[in-house]
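Everything on this sheet refers to the single structure shown next.
Sequence lines set the chain letters: A, B, ... in the order given, protein chains first and strands last, and positions in each chain run from 1.
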Amino acid sequence: MVAGLITADLHFNSLDRTRALLDTLVTPVYWVADIPSRLSQWQETHIVSRGTLQEDNERLRRENLILEGRTQQMASLQAENIRLRALLNSTALLRDDVLVAELIGVSPDPVRQQVVLNKGAGEGVYVGQPLIDADGLMGQVVEVSAFTSRVLLITDVTHAIPVQVNRNGVRAIAEGTGSLAALEVHHVSATTDIREGDLLVSSGLGGRFPVGYPVAIVTSVERDPGHAFARIRAQPTAALDRSRHVLLVFTAAQGEG
Amino acid sequence: MVEGGAHGYWVVLASLFTAAVLAVIPLPAWLVWGRPEWIALVLVYWCIALPHRVGVVVAVFAGMAMDLLEGAVLGQNTFALAVLALLSVALYQRLRVFSLWQQSGIVFLLIGIHQLICQWVQNLEGVGARSLLFLLPALTSALLWPLVLHTLRGLRRHYRVA
């Protein structure tokens, strides 16, 4: 019986619906396990000295001013971008809608890099939906139940993401290593122009991830004459092990799903 | 008798639920490989204490819940915990007369077997561990066995679960 179950879940998709339903049933466990971190968060927000609040307020005002200053030119730049794209006969880039979600659990199994979010099918989350935080791409949704969803992080060993070098547009595939701090870029020939410190952004090829979100920064490039390809490691820009508030992106093509 | 039985089951379920919560509670990064197998520990205790009531069937349901919680292949923990329960129910008469540390030794073996089965299924899926670190929970669980035993025994006597 168990062998049948393992085979069915591993090789066919027929159990997806059942899984979604059963996942909803075990949700309370995640809610209870999340209580300590919610308490500490509550404590952080409610038991703060006046001085700290004032400092925070001051700092946020300054940040806001800087960000506003930077966005002043956004509107005209965007319009210009759309005009130029129209000239090139390519489709206009649409701004993506996002949904703020909170992380309520981390996969307890160290061989799996997955997190659980507090938004599910009820809020329109769908399988394959990309997840970002303030600094970059985090992963994609792999399971949706009624109130929660499970996200596979980009560093999971079973995950790969198409990227390109922001500096020159060289395309590659970044695969997870199972460690939260590293991605590996595979099958890049030794002569390709890719350097330490290069920013890798999502290339949008494959149609799953939207274009242009930062993914990782190249930390080391080894060119060994004995190997056909360069050995490239990169560090994810997103705070995969620290972010609590994350954004689910509704891409224009799949938003109805 | 029937009422007492229902009452007893409530304690078993509550302890399993607590174990499940402990099993998914976030741990610091240096501890993740050593996370004790709480569900397995609690299950072994109940199999030894109430072999006529808790056995493979309870293990299968607890295992299913763990598979869902871990996002594992359905069947990984189910299989591992069912084997664990089967062995504990078969060994309960011997285990009851063992000293605490002898019991810990057996728990180490049982949970080691549990980990091996989990590892085996994970390798089918292609995500298995690349080192022997996956056996670490067997050690941490064995060290925690006296604590689990005393807590659950206290609960069982307090609520007169039989």
Side-chain angles (χ1 to χ4, degrees), chain A residues 1-11 14-16 18-37 103-116 142-143 145 148-152 156-159 176-181 240-242 244, chain B residues 16-39 56 59-83 115 117-131 133-134 136-137:
Chain A
M1 185 200 84
V2 172
L5 202 58
I6 294 175
T7 324
D9 200 25
L10 209 51
H11 298 291
S14 53
L15 281 180
D16 280 0
T18 331
R19 264 201 98 111
L21 193 74
L22 292 172
D23 264 342
T24 315
L25 289 181
V26 296
T27 306
V29 178
Y30 271 114
W31 282 112
V32 175
D34 191 42
I35 287 174
S37 53
L103 208 139
I104 58 166
V106 183
S107 174
D109 197 341
V111 300
R112 262 174 251 276
Q113 309 276 341
Q114 295 180 340
V115 294
V116 179
V142 286
E143 267 175 45
S145 71
T148 61
S149 51
R150 189 175 283 276
V151 173
L152 187 69
D156 189 273
V157 280
T158 60
H159 196 277
T177 57
S179 138
L180 276 176
L240 294 177
D241 51 349
R242 290 186 298 278
R244 183 164 172 93
Chain B
L16 283 172
F17 183 83
T18 315
V21 169
L22 285 172
V24 297
I25 224 158
L27 285 182
W30 56 272
L31 251 178
V32 283
W33 283 100
R35 179 193 291 271
E37 292 290 326
W38 293 105
I39 280 273
V56 177
V60 163
F61 282 107
M64 287 263 240
M66 283 313 291
D67 286 336
L68 292 166
L69 285 175
E70 288 186 3
V73 177
L74 271 183
Q76 175 191 314
N77 286 290
T78 314
F79 187 28
L81 287 178
V83 171
Q115 291 300 105
I117 294 173
C118 284
Q119 185 63 19
W120 178 67
V121 177
Q122 280 177 351
N123 276 325
L124 278 182
E125 195 191 348
V127 298
R130 285 131 194 216
S131 65
L133 270 179
F134 73 89
L136 198 58

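In this structure, the salt bridge (charged side-chain N to carboxylate O under 4.0 Å, His left out) partners of R19(A), at least two apart in sequence or on a different chain, are D9(A), E143(A). D67(B) is linked by a salt bridge (charged side-chain N to carboxylate O under 4.0 Å, His left out) to nothing, counting only residues two or more places apart in sequence or in another chain.
Rounded to the nearest 0.5 Å, atoms CG (D109(A)) and CG (L69(B)) are 12.0 Å apart. Annotation: the span from M64(B) atom CE to L25(A) atom CG amounts to 11.0 Å, rounded to 0.5 Å.
No side-chain heavy atom of F134(B) sits under 4.5 Å from any side-chain heavy atom of V111(A).
Ranked by non-hydrogen atom pairs under 4.5 Å with chain A, the options V73(B), V121(B), V32(B) are led by V73(B). Looking only at heavy-atom pairs under 4.5 Å with chain B, the residue among D156(A), D23(A), V106(A) that has the most is D23(A).
Among all heavy-atom pairs drawn from P108(A) and E70(B), the shortest one is CG-CG, 3.6 Å. Scanning both residues, I25(B) and A33(A), for their nearest heavy atoms gives CG1-O, 3.6 Å.
Looking at A23(B), only its backbone comes within 4.5 Å of chain A, counting heavy atoms on both sides. Residue contact with chain A, scored on non-hydrogen atoms closer than 4.5 Å, involves the backbone and the side chain of A72(B) alike.
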